[in-house]
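Scroll down for the structure; my scribbles are underneath it.
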Amino acid sequence: MSVIVRFAPSPTGYLHIGGARTALFNWLYARHHGGQFRLRIEDTDRQRSTDAAIAAILDGLTWLGLEWDGEVVYQAERIEAHQAAAQRLVEAGLAYPCYSSPDELEAMRALAKAEKRPIRYDGTWRDRDPAEAPAGVPPVIRFKAPLDGVTVIEDRVQGRVTFQNSQLDDMVLLRADGTPTYMLSVVVDDIDMGITHIIRGDDHLNNAARHANLFQALGHEPPVFAHIPLIHGPDGAKLSKRHGALGVDAYRDLGYLPEAMRNYLLRLGWAHGDEEIISTEQAVQWFELDAIGRSPARFDFQKLDSVNAHYLRLRPDADLVALAAPLLEAAGHELGEAERARLVQAMPGLKQRARTLVDLAQSAAFYVQARPLPLDAKAAKLLDADAKARLAAALPALAAVEPFTEEALEAAARAAAEAQGVGFGKLAQPLRAALTGRTVSPGLFEVMVGLGREEVVGRLEDAASGRNPALQQND
RNA sequence: GUCCCCAUCGUCUAGCGGUUAGGACAUCACCCUUUCAAGGUGAAGACACGGGUUCGAUUCCCGUUGGGGAUGCCA
């Protein structure tokens with residue numbers, strides 16, 4: 001049997017991190033088995049579905065590199081099939097019209113709650129003669145769920161889960177306006193799409209029992225279920241849109257790489273021994289449902305940062321310049337050919353120190369900053385009169401270094417420090433401040449070579465004569 | 001309230017009856033060193049609790065506690 005899985009988000013908001021992981025697991029499972037990964041937009045709730053949300057979901061998946069197979073299925077376009085299925089169930093006596101009004105239902109629930117009884121539809125219209133229907137009230141169609149016995153779900157992640165059928169009430173299949181609900185449309189679409197495995201968040205575990213019964217009623221065996229645990233926020237509470245959950249676009253803006261997101265998300269709930277850094281290719285090869293853990297995981301930015309830093313270092317320098325360039329330009333730095341070339345050359349030292357693309361752009365800014373270079377507070381403080389004197393004294397030797405290489409520059413700088421009778425650090429930090437405007441940077445001589453002789457001399461002259469403006473910031 | 005799920009270092013996890021309970025992130029020390037990273041070495045840090053089963057439980061069973069989810073004419 002060839003594997004067909006699907007990711008089925010509802011377009012009521014952006015693609016959040018939990019959905020992204022569900023999509024990733026589905027995608028990996030499909031790729032591992034050489035099957036298909038289908039995308040289905042569950043937009044049966046026309047009021048809450050938006051085109052913007054659909055676009056955000058497609059964008060998010062594309063950015064994450066989770067390409068889907070075949071056409072996107074829009075559930076709203078399949079209403080006729082859903083309605084026909086409901087009709088068949090009514091004709092077969094497996095579903096019935098219910099005339100209870102929303103108000104009555106609400107009162108029913110309130111009463112059940114007050115009396116501390118299970119909150120469930122009481123089945124008023126299940127066996128009542130439709131002839132008793134109130135005039136002018138359009139009914140909903142409800143599923144005639146089994147009253148006793150049990151429904152057993154053999155879940156690939158959660159194991160065997162048994163539900164008492166007495167707990168399952170008669171769910172609404174068709175709303176009063178004739179539109180299908182999620183419960184109906186998922187099952188009909190899963191059948192029509194030939195879905196073999198349903199991998200989704202375990203907030204649907206309860207629904208699995210209802211779905212399984214509907215599959216049976218429609219004459220099909222349910223697919224294999226795999227309900228994966230939810231992701232929680234750092235405080236252990238459910239990660240929701242009003243509780244720290246961000247759309248994948250936010251992670252992109254925060255400077256995370258898609259391959260890092262895939263690796264990090266994969267390790268949230270899935271493991272392969274002690275492996276931490278797992279390439280996507282390797283993940284496809286290894287991924288299996290059995291290795292999915294059953295307990296919920298908390299989202300941890302520090303770990304994500306660490307994984308991201310790893311993948312950042314793996315990226316080619318030119319890639320990183322292309323990714324950081326928009327950020328630098330947004331910060332007001334104009335990037336011509338010369339600046340871009342300078343950045344590519346400087347990237348090995350920069351990328352080793354960055355955790356995100358945002359970090360990277362910030363720490364790269366000094367390379368493309370126009371003179372005179374602004375100094376941050378610490379750098380300004382460091383460049384006192386003594387430091388400036390040392391810079392002035394060392395300048396001629398550095399300006400004359402030939403060839404202009406890291407080795408030659410280092411030799412010259414060390415000789416200059418010695419000539420001045422100070423430790424190398426006493427000269428190095430002022431040089432750093434003068435050249436980068438900060439007290440923290442990549443290796444000094446790497447910076448010099450990256451900047452080029454002319455720029456180095458200019459920046460040192462600026463600093464020695466106190467031409468740099470101070471930056472207001474305090475880091 | 002009712003139903004369902006979960007429970008190993010702060011966090012992510014390995015473990016699938018007998019281990020000095022392993023790794024990663026974070027933390028702390030030291031090394032390297034021109035700063036910061038990276039890298040290296042090391043430290044500290046966990047089986048929620050109570051009953052069983054067993055020669056032996058982190059591991060199997062039951063309960064307690066604690067989290068989470070579901071209880072919609074949302075998905």
Side-chain angles (χ1 to χ4, degrees), chain A residues 8-12 42-45 47-49 75 98 100-102 105-106 109 112-121 138-142 153 155 157-159 161-164 166-169 171-177 179 181-183 185-186 201-209 227 229-230 232 234 236-238 264 267-277 293-307 309 313 349-355 363 378 382 410 413-414 417 423-429 431-433 436 438-445:
Chain A
S10 67
T12 53
E42 309 229 318
D43 52 355
T44 52
D45 184 344
Q47 269 68 50
R48 302 202 305 159
S49 301
Q75 205 156 48
C98 163
S100 297
S101 71
L105 258 20
E106 200 171 315
R109 287 189 202 103
K113 187 163 187 166
E115 296 179 354
K116 299 183 191 274
R117 284 184 291 109
I119 300 164
R120 231 171 280 134
Y121 173 63
V140 299
I141 300 300
R142 283 184 186 272
I153 301 297
D155 193 274
V157 173
Q158 305 291 341
V161 184
T162 304
F163 296 88
Q164 298 296 320
S166 57
Q167 294 295 325
L168 275 25
D169 61 357
M171 60 198 171
V172 172
L173 264 21
L174 250 33
R175 301 187 181 94
D177 66 2
T179 59
T181 62
Y182 156 83
M183 291 289 175
S185 44
V186 192
D202 72 7
D203 49 340
H204 285 291
L205 185 54
N206 289 279
N207 289 335
H227 288 92
L230 267 17
H232 291 173
K238 181 189 182 184
Y264 176 71
R267 288 288 292 106
L268 238 39
W270 183 88
H272 185 84
D274 283 341
E275 301 292 337
E276 293 289 346
I277 296 297
R294 294 190 291 174
S295 50
R298 298 188 191 201
F299 194 90
D300 179 15
F301 272 99
Q302 286 189 314
K303 182 84 174 256
L304 207 212
D305 279 351
S306 160
V307 173
R313 278 176 249 135
L350 292 171
K351 70 182 176 186
Q352 191 165 36
R353 293 166 170 78
R355 296 172 84 72
S363 60
K378 286 180 185 168
L382 193 127
E410 176 157 7
R414 286 187 185 280
F424 181 54
K426 288 286 186 192
L427 178 59
Q429 278 305 83
L431 282 171
R432 188 184 313 282
T436 69
R438 312 172 184 211
T439 53
V440 172
S441 82
L444 212 39
F445 307 108

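Order of the sequence lines sets the chain letters (A, B, ...), proteins ahead of strands, with each chain counted from 1.
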Nearest whole Å is fine: how far is [N] [atom2] from [X] [atom1]?
{"X": "Arg313(A)", "N": "A37(B)", "atom1": "CZ", "atom2": "P", "value": "13 Å"}
{"X": "Asp203(A)", "N": "G67(B)", "atom1": "CG", "atom2": "C1'", "value": "16 Å"}
{"X": "Asp169(A)", "N": "G1(B)", "atom1": "CG", "atom2": "P", "value": "20 Å"}
{"X": "Met183(A)", "N": "A75(B)", "atom1": "CE", "atom2": "C1'", "value": "8 Å"}
{"X": "Asn207(A)", "N": "U71(B)", "atom1": "CG", "atom2": "C1'", "value": "10 Å"}
{"X": "Glu42(A)", "N": "A75(B)", "atom1": "CD", "atom2": "P", "value": "8 Å"}
{"X": "Glu275(A)", "N": "A24(B)", "atom1": "CD", "atom2": "P", "value": "12 Å"}
{"X": "Gln429(A)", "N": "U33(B)", "atom1": "CD", "atom2": "C1'", "value": "12 Å"}

Side chains of [X] and [Y] in contact at under 4.5 Å (non-hydrogen atoms):
{"X": "Lys113(A)", "Y": "Ile119(A)", "result": "yes"}
{"X": "Asp177(A)", "Y": "Pro138(A)", "result": "no"}
{"X": "Thr439(A)", "Y": "Gln429(A)", "result": "yes"}
{"X": "Arg353(A)", "Y": "Pro442(A)", "result": "yes"}

Practice task
Over 60° means perpendicular and under 30° means parallel, so classify the ring planes of Phe301(A) and Phe299(A), tilted if in between.
Solution key: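 Aromatic pair Phe299(A)/Phe301(A) classed perpendicular.
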Exercise for the section: Would you mind telling me which residue lines up with the more 5' stretch of RNA chain B, Val440(A) or Leu105(A), judged by nearest nucleotide? Expected result: Val440(A)
Problem - Nearest-nucleotide comparison on RNA chain B, the residue closer to the 5′ end among Ala428(A) and Tyr121(A) - result: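 Nearest-nucleotide comparison on RNA chain B picks Ala428(A).
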Suppose you measure atom [atom1] in [N] against the same atom in [M]; what distance do you get, rounded to whole Å?
{"N": "C28(B)", "M": "G66(B)", "atom1": "C1'", "result": "31 Å"}
{"N": "U33(B)", "M": "A14(B)", "atom1": "P", "result": "40 Å"}
{"N": "A46(B)", "M": "U41(B)", "atom1": "P", "result": "23 Å"}
{"N": "C62(B)", "M": "A57(B)", "atom1": "C1'", "result": "15 Å"}
{"N": "C6(B)", "M": "U64(B)", "atom1": "P", "result": "16 Å"}
{"N": "U13(B)", "M": "U19(B)", "atom1": "P", "result": "25 Å"}
{"N": "C32(B)", "M": "G42(B)", "atom1": "C1'", "result": "15 Å"}
{"N": "A26(B)", "M": "G18(B)", "atom1": "P", "result": "32 Å"}

Who pairs with [N] - Watson-Crick or G-U, where each distance is under 3.5 Å:
{"N": "U58(B)", "result": "none"}
{"N": "U20(B)", "result": "none"}
{"N": "G42(B)", "result": "C28(B)"}
{"N": "U71(B)", "result": "G1(B)"}
{"N": "A7(B)", "result": "U65(B)"}

Excluding sequence neighbours, so at least two apart, what forms salt bridge (Lys or Arg N to Asp or Glu O under 4.0 Å) with [X]?
{"X": "Asp169(A)", "result": "Arg210(A)"}
{"X": "Arg120(A)", "result": "none"}
{"X": "Arg117(A)", "result": "Glu115(A)"}

Problem - Interatomic distance, Leu230(A) atom CG to Leu268(A) atom CG [nearest 0.5 angstrom] - result: 11.0 Å
Problem - Distance, nearest 0.5 Å, that separates CD of Gln302(A) from CG of Leu304(A) - result: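 Those atoms lie 11.0 Å apart.
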Give one of base, sugar-phosphate or nothing for [X], where a contact means two heavy atoms less than 4.0 Å apart.
{"X": "Ser306(A)", "result": "sugar-phosphate"}
{"X": "Ser100(A)", "result": "base"}
{"X": "Asp177(A)", "result": "nothing"}
{"X": "Met171(A)", "result": "nothing"}
{"X": "Pro229(A)", "result": "nothing"}
{"X": "Arg355(A)", "result": "sugar-phosphate"}
{"X": "Thr44(A)", "result": "sugar-phosphate"}

Handout entry: Residue Gln167(A), side-chain heavy atoms: nucleotide from C36(B), C3(B), G72(B) that is nearest
Key =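 So the nucleotide nearest the side chain must be C3(B).
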Fill in the blank from the handout: Ranking G1(B), G68(B), A75(B) by distance to the side chain of His232(A), first place goes to G68(B)
Exercise for the section: Using only side-chain N and O atoms of Arg432(A), determine if any of them is under 4.0 Å from OP1 or OP2 of C36(B). Expected result: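 No, outside the criterion.
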Exercise for the section: Answer yes or no: does a side-chain N or O of Arg414(A) lie under 4.0 Å from OP1 or OP2 of U34(B)? Expected result: yes
Problem - Residue pair Lys378(A), Arg438(A): steps toward the side chain to side chain contact (heavy atoms under 4.5 Å, CB included) verdict - result: CA-CA 7 Å; Lys378(A) 286 180 185 168; Arg438(A) 312 172 184 211; over 6 Å; no
Would you list the protein and nucleotides 42-47 of chain B atom pairs, both N or O, that sit under 3.5 Å from each other?
none

Fill in the blank from the handout: side chain to side chain donor-acceptor pair (under 3.5 Å) filter on Tyr182(A), not counting sequence neighbours, yields His204(A)
Practice task
For each nucleotide in nucleotides 4-14 of chain B, reading 5' to 3', give B when a protein heavy atom comes within less than 4.0 Å of its base, S when such contact involves only the sugar-phosphate, and - otherwise.
Solution key: SSSS---SBSS
